[in-house]
Number of protein chains: 2
Amino acid sequence: MGDKRIPQIPLPTLKRLPVYYQYLTRQARKGVTDISCASIAKAMGLVAVQVRKDLQLTGAVGRPKTGYRLKELLEALERTLGYDNKTEMFLVGVGSLGKALLHYRRFGDYNIGIAAAFDVSEDVIGTEIDGKPVLPFRKFPSLCRRLHVKFGIICVPAEAAQEVANIMVSSGIEAIWNFAPITLELPDMVIVHNENLTASLSILLKKYKTQHTGSERE
Amino acid sequence: MGDKRIPQIPLPTLKRLPVYYQYLTRQARKGVTDISCASIAKAMGLVAVQVRKDLQLTGAVGRPKTGYRLKELLEALERTLGYDNKTEMFLVGVGSLGKALLHYRRFGDYNIGIAAAFDVSEDVIGTEIDGKPVLPFRKFPSLCRRLHVKFGIICVPAEAAQEVANIMVSSGIEAIWNFAPITLELPDMVIVHNENLTASLSILLKKYKTQHTGSERE
DNA sequence: TCCTAATCGATAAATATTTATCGATATAAA
DNA sequence: TTTATATCGATAAATATTTATCGATTAGGA
Ligand SMILES: NC(=O)c1ccc[n+]([C@@H]2O[C@H](COP(=O)([O-])OP(=O)(O)OC[C@H]3O[C@@H](n4cnc5c(N)ncnc54)[C@H](O)[C@@H]3O)[C@@H](O)[C@H]2O)c1
Ligand SMILES: NC(=O)c1ccc[n+]([C@@H]2O[C@H](COP(=O)([O-])OP(=O)(O)OC[C@H]3O[C@@H](n4cnc5c(N)ncnc54)[C@H](O)[C@@H]3O)[C@@H](O)[C@H]2O)c1
């Protein structure tokens, strides 16, 4: 129901594609020029068929006996994942996590950049982190519109996240990377991707307990 | 073919359970005492049947007309996810991300704590972050054994991650939360959960492009 | 030149996950 | 007290995802 678009790429595959890309760039740096699904699968703990099926969705074509040309494969992945166009983001909430993201240099490898950061605290407003200015949050709407920034990162406490998200959306933001542990209520048009670190840690905890206390029932 | 244990709880469900828990604790704080699958589903953008099926796996029982007793439901989730026992972790790599995790107070809400941190850099060794000492990494093995710590967090650069993981495992660590963007090769017994932030951001990027450049084919 | 083995691409089968349906039951209102 | 209805729990159907299989092809060696 609704007009939610059919995704071209199944979500489980989409989650693996960037990981292939990371692995493949490392192989390329090592001088590898051709690579097979079998070797990728082995390195990543998957099975070859799955890798082959995933990579097929990028349009890359391999060849019998030798596999894929690594350079072509990387280009196919870059096109598929959108690394071939520059993406600019605005970050809101320059606390410890926001600062970590601002410091991180490697997003540039994927043509992604944080153009500026915003906060309400005088402690951080006016500072610069890795060359990115920290501006008062009230300037977010005008600057966002002026620069046509479409991607936002939310690093504020849970209590403030919905309000920040609302302002983001009304300022033209169309995709949000949300680190606050709440489910944002936003128009369907807006893409929200939750990075729920605590929830993620819980998964590790449970997997461990499952393995170590055995099958509780079954 | 391998003795990989059958998970009691399907992974997709396991990923949702902590998010239910977060939502439900917020509702409890608001004074809600009974809650239905329908209302949970609505708040989290899911359908009621799915929520009901997920919650069934926690052993919680609801009642016609009124739904679940929130208190009971939270307890069931706490038991299921392991929040009812204290979990101590060691963190390695006190860079910007490691510091953010060390500063974060809310893991305590889930009975999870970072007992100590380790690094090789003199810049951080000897400091304290939110009361947690930063120790030289060479002390990791002995301390890990002595305190029977089973959970490790890897926040070192990708190049150092495999080596740190190896030392962790040989020191008795059995579950690893890995922030480095590489696939660690470790014995099957060790649970590894990758927190690949860049890969995750890529998913947002692609979802956005899919929605905004339309169906490329199909 | 011919043969062998590795690999892809396509199709089919098996599994896993989500979603629909429906009877039973407890609450609250008539 | 009776009735209407919201909700659960169970079962079944539909969908999505993973895994298996197999023929075609090509590189590299016999
Ligand atoms: N730090 C972690 O390791 C961690 C782990 C899990 C989840 N999270 C989540 O990530 C988010 C950020 O965490 P953190 O530890 O960096 O928090 P923090 O408290 O260190 O920083 C929050 C920042 O947001 C700013 N802020 C508050 N309200 C604002 C508003 N309305 N507009 C603009 N800025 C505002 C504050 O001034 C502060 O600088 C939180 O939602 C937290 O729950 C963080
Ligand atoms: N910061 C981010 O936003 C971000 C985003 C995506 C991924 N990551 C990943 O998270 C990890 C940490 O990122 P960061 O930004 O905090 O890095 P960082 O460079 O700020 O910190 C790394 C820390 O690890 C320490 N270290 C290096 N080698 C070590 C060793 N062998 N043993 C012990 N300690 C060692 C360093 O001294 C340093 O303190 C990296 O793998 C990075 O790719 C970080």
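Proteins come first, then strands; the chains are lettered A, B, ... in the order of their sequence lines, and each starts at number 1.
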Given DNA chain D, 5'-ward residue of the pair B:S36 and A:R16, judged by closest heavy atom | B:S36

Does B:Y68 place a side-chain N or O at less than 4.0 Å from the phosphate oxygens OP1/OP2 of D:dA6?
-> no

Atom CG of A:L11 and atom P of C:dT18: how far apart are they, to the nearest Å?
-> 11 Å

In whole angstrom, give the distance that lies between atom CG of B:D54 and atom C1' of C:dA16.
-> 14 Å

Are B:F140 and B:F137 an aromatic pair by the rule of ring centers under 6.0 Å?
-> yes

Measure from the side-chain heavy atoms of B:P64 and tell me the nearest of D:dT25, D:dT17, C:dT25.
-> C:dT25

B:L70 has an atom CG; how far is it from atom C1' of D:dT7, in whole Å?
-> 16 Å

Answer with yes or no whether B:K65 presents, from its side chain, a donor or acceptor under 3.5 Å of a partner atom in the base of C:dA28.
-> no

Rounded to the nearest Å, what distance is computed from the CG atom of residue A:L57 to the P atom of nucleotide C:dC8?
-> 15 Å

Check each of B:D119, B:L97, B:L102 against B:L91 using the side-chain contact (heavy atoms from CB on, under 4.5 Å) test, and report the only one that passes.
-> B:L102

Residue B:C37, side-chain heavy atoms: nucleotide from C:dT25, D:dT21, D:dC8 that is nearest = D:dC8

With heavy atoms under 4.0 Å as the rule, sort A:V47 into base, sugar-phosphate or nothing.
-> sugar-phosphate

B:L55 atom CG is separated from D:dC8 atom C1', nearest whole Å, by 11 Å

Decide, yes or no, whether a salt bridge links B:D84 with B:R79 under the criterion of side-chain N to carboxylate O below 4.0 Å.
-> no

Return the value, rounded to whole Å, for the distance between atom CG of A:D34 and atom C1' of D:dG28.
-> 14 Å

Whole angstrom is fine here: how far is it from CD in A:Q50 over to P in C:dC8?
-> 14 Å

A:K53 has a side chain; which of C:dA10, C:dT19, C:dT11 sits nearest to it?
-> C:dT11

Are there more than 12 heavy atoms of other residues, nucleotides or ligands under 6.0 Å from atom CZ of A:R69?
-> no

Heavy atoms of other groups near A:K30 NZ, more than 12 under 6.0 Å = no

A:R52 vs C:dC8: side-chain N/O to OP1/OP2 distance below 4.0 Å = yes

Could you check whether A:R63 gets within reach of a base, just the sugar-phosphate, or nothing at all, counting any heavy atom under 4.0 Å?
-> sugar-phosphate

D:dT7 P sits how many Å from B:Q56 CD, rounded?
-> 16 Å

